[in-house]
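Note sheet for the following structure.
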Amino acid sequence: MDFTTIPAVSAVLDGIASFVEAIGGALEPFTGSWAPLLAIVVLTFVVRLALLPVGISQVRAERTRRRLAPELAALRRRYAKQPEALNRALVELYRSHGASPVAGCLPLLAQAPVLSAVYTLFVHQEIAGHANALLAAVVGGVPLGANLFHLLGTTITAIWPFLVVLALLGLAIELTRRASARWAGSTTEVTGTESAAAAGTRALAPVLRWLPFLSVVFAAIVPFAAGVYLATSALWTVAERAILRRVLIGRPELTA
């Protein structure tokens, strides 16, 4: 069954397509053939602005975890050989402070439906019963509905926009990784200890170091438009997290 034929799904996809087309049309007199790509960037900004409260709650949860770091370390020492008791104690500690250990997953989960919709827009020939005009858009020689593997065998000059998007996504992932490592490191310094879980994570560091870059591989096999959304959203995350951490938490070295 083609889920795009479901009335509610079809209406959402048609609305997003109309928004992208309208923005692209408004930008075209100023940006020419780059208008469709910039329209996707604008769509990404709108989505991330709507998700800003989620980002704020995520950083606040991070601030709470930093404040609770000494208690977390004490609980892990106390229940080192009682994993079930430790889990119950951790859940209760987070609940008592209105925090959640899974808050970091919220932005990704919240964006998933939008990313799926953007992906769908560029793989279906018809949307809401009419031809999908977005598939005809070409930016810098790259069709927005094509993935990198569709373009293999062409020259670098024909695929350079795709390569730039992948490079920007990789850069955003690396910046996010470094920032997260810096903040996690400062938490260890505050508590003066390292949990068994943290030690295990350190042992898996070589694997975890490269795991996020699977997103770059994913961006290479999805339509170019979805890759643009991924890269723009990842760069937004870098800037948003840096600003919110400074505003809501402060510099790592100054946080107690």
Side-chain angles (χ1 to χ4, degrees), residues 3-4 6-28 30-31 34-65 98-124 127-128 132-134 137 139 144-145 165 168-169 171-173 175-177 179-180 183 212 215-216 218-219 222-249:
F3 74 93
T4 61
I6 300 174
V9 175
S10 178
V12 170
L13 292 176
D14 193 37
I16 296 176
S18 298
F19 175 82
V20 174
E21 289 176 348
I23 296 299
L27 292 174
E28 188 172 6
F30 310 99
T31 60
W34 292 89
L37 184 148
L38 295 175
I40 296 172
V41 173
V42 172
L43 170 65
T44 310
F45 286 172
V46 171
V47 171
R48 293 309 305 265
L49 280 173
L51 294 173
L52 185 57
V54 178
I56 292 174
S57 66
Q58 183 182 19
V59 174
R60 283 176 174 167
E62 186 177 72
R63 179 181 62 186
T64 300
R65 289 194 297 271
S100 171
V102 296
C105 300
L106 292 178
L108 180 60
L109 294 176
Q111 288 184 78
V114 178
L115 180 57
S116 298
V118 173
Y119 175 82
T120 301
L121 282 177
F122 291 91
V123 294
H124 285 79
I127 297 294
N132 185 0
L134 297 174
V139 177
L144 288 178
V165 166
L168 289 174
L169 177 57
L171 174 63
I173 291 171
L175 291 175
T176 299
R177 186 197 66 80
S180 297
W183 285 87
S215 296
V216 178
F218 176 73
V222 299
F224 184 38
V228 171
Y229 177 88
L230 274 174
T232 305
S233 182
L235 290 170
W236 177 287
T237 297
V238 172
E240 178 187 87
R241 197 69 57 81
I243 293 171
L244 291 179
R245 278 171 171 163
R246 291 296 179 90
V247 172
L248 298 178
I249 300 179

Legend entry - Least distance between heavy atoms, Leu144 atom then Pro223 atom: O-CB, 3.7 Å
Inset, instruction - Evaluate the side-chain proximity of Leu230 to Ser215: yes if any heavy-atom separation is below 4.5 Å, no if none is. - result: no
Legend entry - Smallest separation among heavy atoms of Ala133 and Glu21, with atom names: CB-OE2, 3.8 Å
Legend entry - Shortest non-hydrogen separation from Ala219 to Leu169 and the atoms involved: CB-CD2, 3.6 Å
Inset, instruction - Look up atom OG1 in Thr31 and atom CG in Leu38, then write down how far apart they are to the nearest 0.5 Å. - result: 5.0 Å
Inset, instruction - Verify, without hydrogens or angle tests, whether Arg245 (side chain) and Val59 (backbone) share a donor-acceptor contact under 3.5 angstrom. - result: no
Inset, instruction - Sequence neighbours left out, what passes side-chain contact (heavy atoms from CB on, under 4.5 Å) with Ile56? Give chain and number order. - result: Leu52, Arg60, Leu244, Leu248
Inset, instruction - Applying side-chain contact (heavy atoms from CB on, under 4.5 Å), name anything that partners Leu235, two or more places apart in sequence or on another chain. - result: Leu168, Ala172
Legend entry - CG on Leu13 to CG on Leu134, rounded to 0.5 Å: 11.0 Å
Legend entry - For Ser233 against Thr44, the heavy-atom pair lying closest together: N-CG2, 3.6 Å
Inset, instruction - For Val41, enumerate each residue passing the side-chain contact (heavy atoms from CB on, under 4.5 Å) test, keeping only those at least two apart in sequence or located in another chain. - result: Leu37, Phe45, Val228, Thr232
Inset, instruction - Check Thr237 against Arg48 and note the closest heavy-atom contact, atom names and distance. - result: OG1-NH1, 2.8 Å
Inset, instruction - Looking only at non-hydrogen atoms, find the nearest pair between Tyr229 and Val47 and report the distance. - result: OH-CG1, 3.5 Å
